[in-house]
Number of protein chains: 2
Amino acid sequence: MLTKKAYYAFQALTHLVERYNEGPVLISEISEERKIPLKFLENILLHLKNTGILDSKKGKGGGYFLKAHPSETRIAKVFRLIDGPIAMLPCVSLYFYQRCENCNEKFCGLHDILVEVRDATLAIMENRTLADLVAKDRNPVAGLVPPKM
Amino acid sequence: MLTKKAYYAFQALTHLVERYNEGPVLISEISEERKIPLKFLENILLHLKNTGILDSKKGKGGGYFLKAHPSETRIAKVFRLIDGPIAMLPCVSLYFYQRCENCNEKFCGLHDILVEVRDATLAIMENRTLADLVAKDRNPVAGLVPPKM
DNA sequence: AAAAAGTCTACTCGTTTGGTAGGGTAGTTA
DNA sequence: TAACTACCCTACCAAACGAGTAGACTTTTT
């Protein structure tokens, strides 16, 4: 399951996608409209800034905004930044791999199954971006020129 | 990520699949060969018995054994029994559904993405059984007559 | 200078995870 | 009946994690 932290992160990002190209958005605005505890949200947004997803501006008229076009940030990346591994076992993870002590991957049926699950999950999460977070029938970024990828 | 409890459960079940049709297996045997703490394993096996996956026999020559043919127990079921929901949010879960407070599922892009992830995961976990836990090239139950399903 | 905003450190507090220790009970078999 | 084995219970523990909270600090704008 997603942690609340990740859930909040996605809510905040959804908000920022909807306000894309409207300049910096206040933490307090996101906090109130999305009902996310202010100080908790502060941490989350800062983290997303330090890892390159967001950028910010201080002082009056400041706030947070997306660093890149929504379609450039993959859901999988955000997930990994907040909640860590996507795979269900360390021995199946691409980014957080750790060998199994008690079992040999070559003969472990569970390993094979969880590799399949990982691949199926990644096939989706690596191909969805922040732009997909907003409802399709009122997607404000749908008409924007997609960036070169 | 899987909890250790679930990981141990799958290891124990793998062991019991390999010993299928050889009569009851001692907790202590599984504990030693799979390096699972004895008392912890006791709980896990008991739980799996109470939920209909395993059966047991007391006294000399007793132990645990699979209640049904390995190919009759789906991986998804075991997972849910030990670790709970497979979905990444309660509002996306089939067996543990809970409505989202802060978002409307109809307009929530995250919801749509996680439904896809859930379906892709279940497509695998509902179609793999305990029989798939043992390595293919030495699968001792491969030759057994599959039960009517 | 003053106000507006993000930045940063640290702390709290409850729950879950992953155990350990030890007992007594009740079926089963030899 | 004795030995064996699962069953079931209580209690305890340490560490990590989850979900925040508090307060001071820094930077930018007006």
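The structure presented is a predicted model; accordingly, all values stated were derived computationally and were not measured. Naming convention: chains lettered A, B, ... in sequence-line order (proteins, then strands); numbering from 1 in each chain.
Distances were taken from every side-chain heavy atom of B:Leu46 (C-beta onward) to each of C:dG27, D:dC8, D:dT28; the shortest belongs to D:dC8.
Atom NE2 in B:His47 sits roughly 13 Å away from atom P in D:dC8 (whole-Å rounding). B:Asn50 has its CG atom 15 Å from the P atom of D:dA6, to the nearest Å. For the pair A:Lys5 NZ and D:dG18 C1', the computed distance is 9 Å after rounding to whole Å. Whole-Å rounding puts the B:Lys60 NZ to D:dA6 P distance at 13 Å. Following rounding to the nearest Å, A:Ile30 (CD1) and C:dA5 (P) show an atom-to-atom distance of 13 Å. Separating the CD1 atom of A:Ile82 from the P atom of D:dA19 is a distance of 12 Å, rounded to the nearest angstrom. In this structure, CE of B:Met1 is placed 17 Å from C1' of D:dG18, rounded to the nearest angstrom. When the P atom of C:dA3 is taken as reference, atom NZ of A:Lys58 falls 19 Å away, rounded to whole Å.
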> How would DNA chain C look in dot-bracket form, 5' to 3', counting Watson-Crick and G-U wobble pairs with both distances under 3.5 Å and writing | for bases paired to another strand?
Replying inline: ||||||||||||||||||||||||||||||

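Annotation: side chain of A:Phe65 is not in contact with side chain of A:Arg19 (no heavy-atom distance under 4.5 Å).
For the pair A:Lys4 and A:Gly61, both in contact range of DNA chain D, the more 5′-proximal nearest nucleotide belongs to A:Lys4.
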Below 3.5 Å is the cut-off: list the nitrogen or oxygen pairs between protein and nucleotides 20-23 of chain C, distance only.
residue: C:dG22; atom: O6; partner: B:Lys39; partner atom: NZ; Å: 2.7
residue: C:dG23; atom: O6; partner: B:Lys39; partner atom: NZ; Å: 3.3

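Remark: A:His15 NE2 to A:Leu41 CG distance equals 10.0 Å, nearest 0.5 Å. Here OH of A:Tyr7 is found 10.5 Å from CG of B:Leu114. Values are rounded to the nearest 0.5 Å. The CG atom of A:Leu133 lies 9.5 Å from the CD atom of A:Glu18; values are rounded to the nearest 0.5 Å.
Taking 4.0 angstrom as the limit, A:Thr3 places none of its side-chain polar atoms (N or O) nearer than this to OP1 or OP2 of D:dC17. Contact annotation: A:Lys49 reaches the phosphate of C:dT7 (side-chain N/O to OP1 or OP2, under 4.0 Å). Checking the phosphate oxygens (OP1, OP2) of C:dT29, a side-chain nitrogen or oxygen of B:Lys57 falls inside 4.0 Å.
Between A:Cys100 and A:Glu105 the shortest heavy-atom distance is N-OE2, 4.4 Å. In plain terms, the two heavy atoms of B:Ile27 and B:Leu38 that are nearest each other are CG2-CD1, 3.7 Å. Heavy atoms only, all atoms of each residue included: B:Lys67 and B:Gly52 are closest at CD-O, 3.5 Å.
Within the 4.0 angstrom heavy-atom criterion, no nucleotide atom of any strand lies near A:Leu45. Using a 4.0 Å heavy-atom distance criterion, B:Tyr8 is classed as a sugar-phosphate-only contact.
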> Stepwise, does the side chain to side chain contact (heavy atoms under 4.5 Å, CB included) test hold for A:Thr73 with A:Leu66?
Replying inline: CA-CA 9 Å; A:Thr73 304; A:Leu66 292 168; 5.9 Å; no

>> Walk me through whether B:Met1 and A:Leu89 qualify under side chain to side chain contact (heavy atoms under 4.5 Å, CB included).
In response: CA-CA 6 Å; B:Met1 300 275 278; A:Leu89 278 182; 5.8 Å; no

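Ionic pairing of B:Glu126 and B:Arg80 is present here: one or more N-O contacts between side-chain nitrogen and carboxylate oxygen are shorter than 4.0 angstrom.
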